[in-house]
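Within every chain, numbering begins at 1; the chains are lettered A, B, ... in the order of the sequence lines, protein sequences first and strands thereafter.
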There are 2 protein chains.
Amino acid sequence: MESPQQRRDRRRAEKRRAIRMAAVRIALDEGIEAATVEAISAAADISPRTFFNYFASKEEALVMEPLWRPEELIDLLAARPADEPAFQSLRAVTRDLAVRINGIWGDMKPFIELRSRHPELAAKARAADETKLMDTVFEVVRSRPGVTGRIHARVLVVASFGATISAIQESQESGEPVERLLDEAFALLEKGL
Amino acid sequence: MESPQQRRDRRRAEKRRAIRMAAVRIALDEGIEAATVEAISAAADISPRTFFNYFASKEEALVMEPLWRPEELIDLLAARPADEPAFQSLRAVTRDLAVRINGIWGDMKPFIELRSRHPELAAKARAADETKLMDTVFEVVRSRPGVTGRIHARVLVVASFGATISAIQESQESGEPVERLLDEAFALLEKGL
DNA sequence: CGCAACACTTGCAGGCCGTGCAAGCTTTAC
DNA sequence: GTAAAGCTTGCACGGCCTGCAAGTGTTGCG
């Protein structure tokens with residue numbers, strides 16, 4: 001059975017999704033300046049005030065849900081063998097996560113289209129939680145064997161994230177499979193630039 | 001002598017700087033929520049409307065001027081030998097530019113302090129012009145010899161930028177010289193992770 | 001069932017950001 | 001000295017976002 005709490009969570013998630021869809025549809029069909037909170041709320045059949053019970057900002061509704069949450073990433077890293085080199089752990093973990101994209105590729109399409117028309121959307125949204133993501137991973141990587149110092153850890157993290165995002169972006173533009181591009185990117189990093 | 005246009009430009013730059021200083025001082029002394037456009041304008045002795053003749057947004061006044069402009073970076077890359085490997089060009093250019101930081105370290109201090117208290121400031125400001133910066137460099141790197149494809153170029157750029165920013169951040173936190181950390185970071189990338 | 005606790009939605013009021021416009025003022029050009 | 005060009009400012013307005021309190025549904029329990 002479904003507990004009342006689960007029920008509430010599910011309905012909430014559904015409504016959040018519905019609002020998002022309305023927002024993106026307006027932004028794509030009528031231009032981003034037409035996607036005001038008022039217009040989105042009307043389309044989603046809620047009051048403008050309620051919109052902010054679901055999203056902390058208008059922008060949040062116009063970008064896709066982040067693919068990775070910090071806690072999840074930390075769990076996955078912790079699940080790797082403790083003596084595995086940090087670089088290989090990052091490689092394995094980001095590969096697992098990136099592959100998940102293939103399953104939701106269809107859902108991502110409108111967001112990708114919108115982002116390509118308005119790059120500032122992705123930039124701002126990304127910066128906010130991506131730096132936090134990298135900071136948390138940085139803390140994990142620091143304590144791995146073979147990591148000689150803080151700058152080493154920083155470079156490992158920033159290069160791995162960069163490779164992952166590059167592969168995803170390139171895959172979106174060229175249509176090549178994410179896995180192949182990801183392997184190519186990490187192989188370059190492994191063998192040296 | 002000074003042409004009238006130069007004179008105007010200079011006065012404008014001075015005023016911009018003065019407004020910035022007022023903004024950062026308020027944000028540091030009284031908290032960031034006290035740094036409203038109204039308060040900043042009053043402190044800088046201009047009208048709130050005029051504030052927006054100098055800055056497109058309030059945030060712009062609270063972060064430091066970007067260290068690198070795209071055109072400048074492209075010029076510097078173009079000045080490198082055309083047959084130099086892309087990685088070495090990036091290494092040399094970012095090193096030159098990063099060293100410039102040592103000359104303006106003092107001016108940067110308030111901004112660094114403010115950014116450390118409010119990370120979202122740096123995140124948003126950075127994302128906006130940093131992605132544009134990387135896109136332009138990407139185009140240059142793509143046409144360098146030895147760059148085998150788009151993903152190769154992407155990884156080169158994102159890793160180099162990541163290394164540079166890591167070195168700068170680490171230097172700010174640890175006090176070690178930027179050059180040393182930069183060398184260490186690029187050496188890691190060169191030999192492979 | 002009935003009632004109390006809880007969660008969700010909404011309106012209202014208000015602060016803040018950012019922009020177009022037009023009026024005034026200062027500097028520059030001839 | 002006068003016209004053109006640039007800068008500053010006030011005004012009005014639209015849009016984002018928040019706290020608060022009132023209203024409406026939902027849940028849990030006797």
Side-chain angles (χ1 to χ4, degrees), chain A residues 1-20 22-24 26-27 30-63 114 118 120-125 127-129, chain B residues 1-20 22-24 26-27 30-63 114 118 120-125 127-129:
Chain A
M1 264 307 286
E2 196 185 35
S3 82
Q5 185 55 48
Q6 287 174 323
R7 175 193 178 83
R8 270 200 297 267
D9 288 350
R10 182 176 50 78
R11 291 185 103 106
R12 186 172 179 80
E14 282 168 7
K15 203 155 191 174
R16 187 176 158 97
R17 181 184 160 85
I19 298 169
R20 229 198 209 110
V24 174
I26 292 175
E30 308 171 33
I32 196 160
E33 63 287 343
T36 66
V37 171
E38 199 181 355
I40 296 168
S41 307
D45 203 34
I46 56 174
S47 83
R49 186 65 186 83
T50 302
F51 176 89
F52 290 105
N53 292 346
Y54 284 87
F55 298 94
S57 73
K58 189 183 75 164
E59 257 180 5
E60 192 183 331
L62 290 173
V63 300
L114 185 60
H118 304 279
E120 73 281 6
L121 275 184
K124 288 191 189 174
D129 45 34
Chain B
M1 261 307 286
E2 197 185 38
S3 83
Q5 187 54 49
Q6 287 173 324
R7 176 192 177 82
R8 271 199 298 267
D9 289 350
R10 183 177 50 76
R11 292 184 101 106
R12 187 172 179 80
E14 282 167 8
K15 203 155 190 173
R16 187 176 158 97
R17 181 185 161 84
I19 298 169
R20 230 199 207 109
V24 174
I26 293 175
E30 307 171 36
I32 197 160
E33 64 286 342
T36 66
V37 171
E38 198 181 358
I40 297 168
S41 307
D45 203 34
I46 57 175
S47 83
R49 186 64 187 82
T50 303
F51 176 90
F52 291 105
N53 292 345
Y54 284 88
F55 298 95
S57 74
K58 190 182 75 163
E59 258 180 5
E60 193 183 330
L62 289 173
V63 300
L114 185 62
H118 303 280
E120 74 280 7
L121 275 184
K124 288 190 189 176
D129 43 35

Short N/O separations, protein against nucleotides 6-13 of chain D, under 3.5 angstrom:
residue: D:dT8; atom: OP1; partner: B:Lys15; partner atom: NZ; Å: 3.3
residue: D:dT8; atom: OP1; partner: B:Tyr54; partner atom: OH; Å: 3.0
residue: D:dT9; atom: OP2; partner: B:Ser47; partner atom: N; Å: 3.1
residue: D:dT9; atom: OP2; partner: B:Thr50; partner atom: OG1; Å: 2.6
residue: D:dG10; atom: O6; partner: B:Arg49; partner atom: NE; Å: 3.4

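- Contact of the B:Arg10 side chain with the B:Glu14 side chain is registered, since non-hydrogen atoms from C-beta on lie closer than 4.5 Å.
- Looking only at distances, a side-chain donor or acceptor of A:Arg20 sits under 3.5 Å from a matching main-chain atom of A:Glu60.
- By the neighbour-count criterion of 12 heavy atoms within 6.0 Å, atom CG of B:Asn53 is densely surrounded, having more than that number from other residues, nucleotides or ligands.
- Note: NZ (B:Lys58) to P (D:dC16) measures 17 Å, nearest angstrom.
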In residues 34-41 of chain B, what donor-acceptor pairs under 3.5 Å come from side-chain atoms, sequence neighbours left out?
residue: B:Thr36; atom: OG1; partner: B:Ala39; partner atom: N; Å: 3.1
residue: B:Ser41; atom: OG; partner: B:Val37; partner atom: O; Å: 2.6

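- Here the range on DNA chain C touched by chain A, meaning any atom under 4.0 Å from one of its heavy atoms, is C:dA7 to C:dC12.
- Within the 4.5 Å cutoff, side-chain heavy atoms of B:Arg7 are placed close to those of B:Arg11.
- Summarising the local packing, CG of B:Asp9 is surrounded by more than 12 heavy atoms from other residues, nucleotides or ligands at distances under 6.0 Å.
- Atom-to-atom, CG of A:Leu62 to C1' of D:dG15 comes out at 14 Å; the value is rounded to the nearest Å.
- Within 6.0 Å of atom CZ in B:Arg17, 12 or fewer heavy atoms from other residues, nucleotides or ligands are found, so the atom counts as exposed in its surroundings.
- Taking the side chain as every heavy atom from C-beta outward, A:His118 and A:Leu62 never approach each other to under 4.5 Å.
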